[in-house]
Amino acid sequence: MTGSFSSHVEITLRVNGEPVTARVEARRHLIDFLRLDLGLTGSHAGCEHGVCGACTLRVDGEIVRGCLTLAAQLDGSEVWTIEGLSDSGAIRDLQDAFVARNALQCGFCTPGMLAACAELLDHNADPSRDDIREHISGNYCRCTGYEAIVDAVAAVAAARRGLARAAE
Amino acid sequence: MKPAPLSYARASDVGHALALWREAGPDARILAGGQSLLAGLNLRLAEVDGLIDISRIASLRTIDLVGDTLRIGALTRHADLERSDLVALHAPALAQAAPLIAHPAIRTRGTIGGSLAYADPAAELPACMLALDAVIVAQGDGGERRIAARDFFTGVFETGLEPFELLIAVEIPVLRPGRAQAVRELARRSGDYAMAGLVAAADVTPAGLRDVRLAYFGVGGSPVLARAAMAALDAGRPVAEAEAALDDDLDPSDDLQASAAMKRHLAKVLLRRVLADLTGTEQGRPA
Ligand SMILES: Cc1cc2nc3c(=O)[nH]c(=O)nc-3n(C[C@H](O)[C@H](O)[C@H](O)COP(=O)(O)OP(=O)(O)OC[C@H]3O[C@@H](n4cnc5c(N)ncnc54)[C@H](O)[C@@H]3O)c2cc1C
Ligand code: FES
Ligand code: FES
């Protein structure tokens, strides 16, 4: 098709705080854009139809499915992947808790899981175990059985509340 | 999998979207939240050439109280419904339904207009529109057209939208004093499409429930009003009679989620629970 429609789209966005300009295929979803075009392989592609959560990352301050977002739609957006979240130190405590409690084995689900858990903790300082399970209901983990993940998130929530109280 | 090659255009406003659609022809598709459409394109269930991206049209992402009506723009996201004070106050069924839709990372992008236009038989929001007597506002080249929810959902993934018509908003009569709304569903896992679900609204009076609306989802090709059960409750009949009436009201088929017999059973369970929610009683028997 021609005229107003095109098979490639020019986008300018910020990825992990860095400006990026690219000409992308219109059909390119965000995960392939990050992995294949930018070499950021931290975000994983699993099912590619919204079910498994392996591609969960942060766009404009909210978690989204990278496989259900076209790169072409993100002109002007702010994208944070696990690489950026790690480097910034923003989720250091959560990552440490995952390691301490064996909340990952193969690690395939972990980048998406961390993005989902980080968002829960941003909005709910004192989530119940049910709240945690509900919030990660869209993030499949084939290895851990979830219990250790819930433990890790609950521990970080408690630790952050302790820190907040100490700071008062 | 990945989508087949496609061509894309970003619409800056409703008029632009309609012009792009005319340019591309009737087989082009509107891209709103993309949470159903892109999943289908990735699976190559659907192949479309032209995608018209309306997701940036800010004037369609609104929630406004207009007189006695709550007007919700088509690009209002499920997460917006969850967080809105106006929705919680004037259309609590939508606030209850939103967290039941998919998962948090899908609710941040999925839109009410997309959900209604897609018309999945197991979706929550179409049933909400039916239970709350909403009006769907569509816009084509000829201007706006208003369609009552009961005329809008015409079958499995079928609606009353005409070719080249954009769903731009819904209008919902605000909750009047003394009236209550409740939503329940039963799903295999949190976030899955429901095996069966129910959106209910009623006036809660000392004499019992009146003007009862029961809109089921996941038990037919489109959301269904359980008219015989509604009439039984309006007449002050015991809940057991309303339950029995559901056998005539509903005609579910087996699907991936549950058998027809299971759905019939769950519909009755949901009725008891929702009546309890409406009246604040344990048994669901109107006080
Ligand atoms: C894993 C998963 C689980 C899900 N679970 C549920 C669930 O439990 N309940 C539920 O209700 N939904 C569920 N969904 C679907 C989700 O709610 C979608 O957001 C919704 O169905 C479609 O909204 P959208 O904005 O993403 O629309 P899109 O995917 O962008 O569009 C859907 C269709 O509607 C058309 N369309 C969109 N907007 C308009 C408009 N304004 N005018 C005319 N046509 C339009 C499109 O052309 C397309 O054909 C799930 C999705 C996934 C991936
Ligand atoms: S790859 Fe996106 S949800 Fe599975
Ligand atoms: S650690 Fe292997 S899938 Fe979660």
Side-chain angles (χ1 to χ4, degrees), chain A residues 1-11 24-32 36 45 47-77 112 115-117 119-120 123 130-131 133-140, chain B residues 1-12 16-17 19-25 27-28 31-45 47-56 77 79-80 82-83 99-110 187 189-192:
Chain A
M1 201 177 300
T2 50
S4 313
F5 289 78
S6 51
S7 59
H8 289 75
V9 181
E10 185 96 22
I11 52 171
V24 294
E25 258 197 296
R27 63 166 166 164
R28 194 78 139 172
H29 62 54
L30 176 57
I31 294 302
D32 279 354
L36 305 177
C47 66
E48 296 187 281
H49 64 278
V51 174
C52 75
C55 63
T56 306
L57 43 67
R58 201 180 284 180
V59 174
D60 296 329
E62 294 184 311
I63 53 168
V64 308
R65 293 289 202 240
C67 70
L68 298 184
T69 311
L70 295 178
Q73 292 178 278
L74 296 182
D75 190 44
S77 285
C117 294
E119 185 186 69
L120 172 66
H123 292 115
D130 281 351
D131 292 339
R133 285 187 174 277
E134 174 67 29
H135 197 80
I136 62 173
S137 66
N139 291 77
Y140 289 3
Chain B
M1 288 208 297
K2 329 285 180 192
L6 49 83
S7 60
Y8 169 98
R10 189 180 302 135
S12 51
H16 186 211
L20 287 168
W21 208 349
R22 286 283 177 194
E23 178 186 334
D27 293 336
L31 174 62
Q35 302 303 291
S36 295
L37 181 55
L38 294 178
L41 292 180
N42 284 352
L43 290 168
R44 303 216 180 172
L45 293 176
E47 287 219 5
V48 300
D49 187 21
L51 270 191
I52 300 154
D53 182 2
I54 62 168
S55 64
R56 295 294 185 90
R77 299 178 181 184
D80 297 332
E82 267 179 274
R83 291 188 285 239
L100 302 177
I101 303 171
H103 310 290
I106 290 169
R107 297 198 288 269
T108 52
R109 287 192 79 83
R189 292 170 306 191
S190 181
D192 281 2

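All values below were derived from every heavy atom in this structure, side-chain atoms included, with hydrogens, water molecules and symmetry-related copies excluded. Letters go in sequence order (proteins before strands), and every chain restarts at 1. All of these numbers come straight from a predicted model, not from anything done at the bench.
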Chain A heavy atoms under 4.5 Å from [X]: which part of the residue, side chain, backbone, both or neither?
| X | answer |
| --- | --- |
| B/Leu41 | neither |
| B/Leu6 | both |
| B/Ala19 | neither |
| B/Thr108 | both |
| B/Arg107 | neither |

Select one option (side chain, backbone, both, neither) describing which atoms of A/Ala72 are under 4.5 Å from chain B's heavy atoms.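 Both parts, heavy atoms under 4.5 Å.
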Would a 4.5 Å heavy-atom cut-off, applied to side chains only, mark [X] and [Y] as touching?
| X | Y | answer |
| --- | --- | --- |
| B/Asp53 | A/Leu70 | no |
| A/Ser137 | B/Arg189 | no |
| B/Asn42 | A/His29 | yes |

Would you compute the distance between atom OH of B/Tyr8 and atom OG of A/Ser7 and round it to the nearest 0.5 angstrom?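 If I round to the nearest 0.5 Å, the distance is 13.5 Å.
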Spacing of A/Arg27 atom CZ and B/Leu38 atom CG [to the nearest 0.5 Å]: 13.5 Å
Which residues pass the side-chain contact (heavy atoms from CB on, under 4.5 Å) test with A/Asp60, not counting sequence neighbours?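 Scan of A/Asp60 (side-chain contact (heavy atoms from CB on, under 4.5 Å), adjacent residues dropped) gives A/Ser77, A/Glu78.
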Which of [options] touches chain B most, by non-hydrogen pairs under 4.5 Å:
| options | result |
| --- | --- |
| A/Asn139, A/Ile63, A/Leu120 | A/Ile63 |
| A/Glu62, A/His49, A/Gln73 | A/Gln73 |
| A/Thr56, A/Asp75, A/Val9, A/Val59 | A/Asp75 |

Return yes if some donor-acceptor pair links the side-chain N/O of A/Glu48 with the main-chain N/O of B/Lys2 below 3.5 Å, else return no. no
Who wins among B/Pro99, B/Gly34, B/Pro5, B/Ala39 for the most heavy-atom pairs under 4.5 Å with chain A?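 Heavy-atom pair counts peak at B/Pro5.
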Among B/Gly191, B/Gly40, B/Ala105, the residue with the most heavy-atom pairs under 4.5 Å to chain A is B/Ala105
For a side-chain contact (heavy atoms from CB on, under 4.5 Å) check, start with the C-alpha distance between A/Arg65 and B/Arg109, then their side-chain angles and the critical distance, and finish with the verdict. CA-CA 9 Å; A/Arg65 293 289 202 240; B/Arg109 287 192 79 83; over 6 Å; no
